[in-house]
Structure formats: structure tokens, C-alpha cells
Engineer: 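First the structure, which I've put down as C-alpha cells, then a few questions once you've had a look.
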Amino acid sequence: MVECFNKIAQDADCRAVVISGAGKMFTAGIDLVDMASDLLQPQGDDVARISWYLRSLIARYQETFSVIEKCPKPVIAAIHGGCIGGGVDLITACDIRYCAQDAFFQVKEVDVGLAADVGTLQRLPRVIGNQSLVNELAFTARKMMADEALSSGLVSRIFPDKEVMLDAAFNLAAEISSKSPVAVQGTKINLLYSRDHSVAEGLNYMASWNMSMLQTQDIVKSVQAAMEKKELKGVTFSKL
């Protein structure tokens, strides 16, 4: 994931990303065999060295999902079936979430004896804005079904099945890709900055950002298209 999204971030031909699951569900949760070898038999001669190793391991796992958030290209999660454990870490690092009617979500980590440590506890409260619900999900590992995910704000749309959902996700990606990449990528970067800072700090960062970005030819092309009543899909914006 880190290698993939670092390449995507630098790929001027890519303007939006869709992440979906190829199997019966979006994610099945942690591989218990993998966890046993890495977490239950960690490397090191004493507590300090074992702890140092585990901290490094956890940090690398965290970056697997943080790299999605850091990528300036909008990332759309298209979720069907189970979205369990690490799947919730993944989708909360994405920018837009669609799901099929059969989708369900579980913060599953307490059922395997650990606190979720690679993004869910940090991002989910910001995504759905309901700390009580986050606490309930994280303490119990209960399933959140698609309708509740929509009403809570975890996803923005529900579709009857995977195929319809994927069509909608790719249509959305195509629509985003038709916009100015200067505008879209600048919007993502400033939305994330403002999420983690005060309004005043966000406005100051935005002013510093746009003092250069407002000089783009993309604005001229967009305004001209609007005046001529043309769709933006017919406008060619330079790669970024």
C-alpha cells in the first residue's frame, strides 16, 4: 500500500482512486496466524528491545493507511460484504465511502485482545462525529449494518449490490477526474489540514495556499467554459 500510493501521488495520469474488494467481502480482518508470528513472538532480548521492535512494527502498519490520507488524489472506498478490523482503518483514511446493501462494519480488535492501533480510534470519531457510537462499536466489536453506516455518516451512499456500487464509484471518480487537478488536490489537502487545526489556522493556511494556486490557468479555462455554457468534461486541464 505504501509503495502503491506513493506512486499514485506522483502519477500525473491518475486523478482519483477507487479501492474495492475482489472477494466475497471487502476485508475479513486480521490474519491470526500472521499476528501470532509477529505480535505474540516479537524479536528482542528484553522488554526494551521487544517494545522497540513492536513500536516500529506498529508504525509501519499505521503508515499503510496513513499513506492513503497523505495522497493528494481523492480516494473512494467501495465496500461490499464484511468490512472488518483493518478494513475500518482503511476506509476511514479514504475521502469518500460508498457501500452495497450487504455491507457491514466491525471494529473487531477487542475480540482478539487488543485495542485498534492503526487508525480507527483516531479517524472514526472525526468521520462520524458521534463519540458515544464510536465507543460502543470499539468496546463491543458489534456489527454496524449498511443502513446504520449511512445514518451515522460513515458512508455517503448505499447501493443495492456490488456491481451497481462499483459503477457509481467509477462514475464518481470520472467526474472528479474531469475537474481541475489543481483545484481538487488543493481541496483535499486543505480539508485535511482544517480538520486538524482551528478555523483561524485553516483560513491562514488556505490564504497562503491560494496566493499561488489562484494564478493557475485552470481558473481561466473553467470560467470561460461557464460563460460559454460548456460542461467541464469538455475542458482539457493540464496534468499535475
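Owing to the predicted nature of the structure, the values given are computational and were not obtained by experimental measurement. No hydrogens, no waters, no symmetry mates; every other heavy atom, side chains included, goes into these values.
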Engineer: Counting C-beta onward and ignoring hydrogens, is there a side-chain heavy-atom pair between Lys70 and Val2 closer than 4.5 Å?
Structural biologist: no

Engineer: I want to check something: taking the side chain as every heavy atom from C-beta on, are Phe237 and Pro181 in contact at a cut-off of under 4.5 Å?
Structural biologist: yes

Engineer: Is a side-chain donor or acceptor of Lys73 paired with a backbone partner of Cys14 at a separation under 3.5 angstrom?
Structural biologist: yes

Engineer: Membership question, hydrophobic clusters at under 4.5 Å side-chain separation (ILVMFWY): are Ile8 and Leu240 in the same one?
Structural biologist: no

Engineer: Ignoring hydrogens, what is the shortest heavy-atom contact between Tyr205 and Ile189? Give both atom names and the distance.
Structural biologist: OH-CG2, 4.0 Å

Engineer: Could you measure the distance from the CZ atom of Phe65 to the OG1 atom of Thr92? Nearest 0.5 Å is fine.
Structural biologist: 8.5 Å

Engineer: First locate atom CD1 of Ile96, then atom CD1 of Ile176, and finally report the distance between them rounded to the nearest 0.5 Å.
Structural biologist: 4.0 Å

Engineer: In Å and rounded to the nearest 0.5 Å, what is the OG1 to CD distance from Thr64 to Glu3?
Structural biologist: 12.0 Å

Engineer: Can you give me the closest heavy-atom contact between Ser208 and Met211, atom names plus distance?
Structural biologist: O-CG, 3.1 Å

Engineer: For Arg142, does its backbone N or O pair with a side-chain atom of Thr140 as donor and acceptor, under 3.5 Å?
Structural biologist: yes

Engineer: Between Asp218 and Lys221, does any side-chain N to carboxylate O distance fall below 4.0 Å?
Structural biologist: no

Engineer: Going by heavy atoms in the side chains, are Trp209 and Asn190 under 4.5 Å from each other?
Structural biologist: yes

Engineer: Could you tell me whether Lys188 and Glu69 have a side-chain N and a carboxylate O separated by less than 4.0 Å?
Structural biologist: no

Engineer: Between Ala225 and Val235, what is the shortest heavy-atom contact and its length?
Structural biologist: CB-CG2, 3.7 Å

Engineer: Could you state the interatomic distance from SG (Cys99) to CG (Leu154), rounded to the nearest 0.5 Å?
Structural biologist: 8.0 Å

Engineer: Looking only at non-hydrogen atoms, find the nearest pair between Gly21 and Phe26 and report the distance.
Structural biologist: N-CD1, 3.7 Å

Engineer: Treat each ILVMFWY residue as a node, draw an edge where side-chain heavy atoms are under 4.5 Å apart, and state whether Met144 and Met165 are in one component.
Structural biologist: no

Engineer: Are more than 12 heavy atoms, taken from residues, nucleotides or ligands other than Arg195, located less than 6.0 Å from that residue's CZ atom?
Structural biologist: yes

Engineer: Assess the side chains of Arg123 and Ser66: does a donor N or O sit below 3.5 Å from an acceptor N or O?
Structural biologist: yes

Engineer: Could you please spell out the steps behind the side chain to side chain contact (heavy atoms under 4.5 Å, CB included) verdict for Ser20 and Leu166?
Structural biologist: CA-CA 8 Å; Ser20 63; Leu166 284 175; 3.6 Å; yes

Engineer: I'd like to know if Leu214 and Val182 are part of one continuous hydrophobic network [Ile/Leu/Val/Met/Phe/Trp/Tyr, side-chain heavy atoms within less than 4.5 Å].
Structural biologist: no

Engineer: Apply side chain to side chain contact (heavy atoms under 4.5 Å, CB included) to the pair Ile84 and Met25, showing each step before the final yes or no.
Structural biologist: CA-CA 9 Å; Ile84 303 168; Met25 59 177 64; 4.2 Å; yes

Engineer: Strictly by modelled atom types, are Asp147 and Gln101 linked by a side-chain donor-acceptor pair under 3.5 Å?
Structural biologist: yes

Engineer: If you compare all heavy atoms of Gly87 against all heavy atoms of Thr27, which two are closest, and at what distance to 0.1 Å?
Structural biologist: CA-OG1, 3.3 Å

Engineer: Judged by atom type as modelled, is there a donor-acceptor pair below 3.5 Å linking the side chain of Arg97 to the main-chain atoms of Ala78?
Structural biologist: no

Engineer: Return yes if a side-chain donor-acceptor contact under 3.5 Å exists between Ser56 and Arg60, otherwise no.
Structural biologist: yes

Engineer: Between CD of Gln62 and CZ of Arg55, what distance do you get to the nearest 0.5 Å?
Structural biologist: 8.5 Å

Engineer: Does the pair Asn135 and Gln131 meet the rule for a side chain to side chain contact (heavy atoms under 4.5 Å, CB included), with working shown?
Structural biologist: CA-CA 6 Å; Asn135 292 348; Gln131 191 66 53; 2.9 Å; yes

Engineer: Measure across Ile158 and Ala100 and return the closest heavy-atom pair with its distance rounded to 0.1 Å.
Structural biologist: CG2-C, 4.1 Å

Engineer: Report yes or no: do Val75 and Ile79 belong to one cluster of Ile/Leu/Val/Met/Phe/Trp/Tyr joined by side chain heavy-atom distances under 4.5 Å?
Structural biologist: yes

Engineer: When you measure from the side chain of Asn210 to the backbone N and O of Met206, does any donor-acceptor pair fall under 3.5 Å?
Structural biologist: no

Engineer: State, with a plain yes or no, whether a side-chain heavy atom of Val110 is found less than 4.5 Å away from one of Phe139.
Structural biologist: no

Engineer: Can you confirm whether Val88 sits close enough to Gln106 that some side-chain heavy atom of one is under 4.5 Å from a side-chain heavy atom of the other?
Structural biologist: no

Engineer: Flag yes if more than 12 heavy atoms outside Glu136 fall under 6.0 Å of its CD atom; otherwise flag no.
Structural biologist: yes

Engineer: Is there a path of hydrophobic side-chain contacts, each under 4.5 Å between heavy atoms, that joins Leu57 and Leu114?
Structural biologist: yes

Engineer: Looking at Glu228 and Lys230, is any side-chain nitrogen of the basic one under 4.0 Å from a carboxylate oxygen of the acidic one?
Structural biologist: yes

Engineer: Is Glu148 paired with Lys143 through a side-chain N to carboxylate O contact shorter than 4.0 Å?
Structural biologist: no

Engineer: Check whether any side-chain N or O of Ser152 sits under 3.5 Å from a backbone N or O of Ala149 as a donor-acceptor pair, and report yes or no.
Structural biologist: yes

Engineer: Mind running side chain to side chain contact (heavy atoms under 4.5 Å, CB included) on Tyr53 and Ile50 for me, showing each step along the way?
Structural biologist: CA-CA 5 Å; Tyr53 166 79; Ile50 293 172; 5.7 Å; no

Engineer: State, yes or no, whether a side-chain contact exists between Tyr61 and Asp89 at a heavy-atom distance under 4.5 Å.
Structural biologist: no

Engineer: Tell me, do Gln10 and Cys71 make a side-chain contact under 4.5 Å, heavy atoms counted?
Structural biologist: no

Engineer: Looking at Ala183, is its backbone amide N or carbonyl O close enough to the side chain of Ser180 to form a donor-acceptor pair, meaning the two atoms are under 3.5 Å apart?
Structural biologist: yes

Engineer: So Cys94 and Ile76, do their side chains get closer than 4.5 Å, heavy atoms only?
Structural biologist: no

Engineer: What is the distance from atom NZ of Lys233 to atom NZ of Lys179, rounded to the nearest 0.5 Å?
Structural biologist: 8.0 Å

Engineer: Between Asp161 (side chain only) and Val164 (backbone N and O only), is there a donor and an acceptor less than 3.5 Å apart?
Structural biologist: yes

Engineer: Check the orientation of Tyr98 and Phe159. Use parallel for under 30°, tilted for 30 to 60°, and perpendicular for over 60°.
Structural biologist: tilted

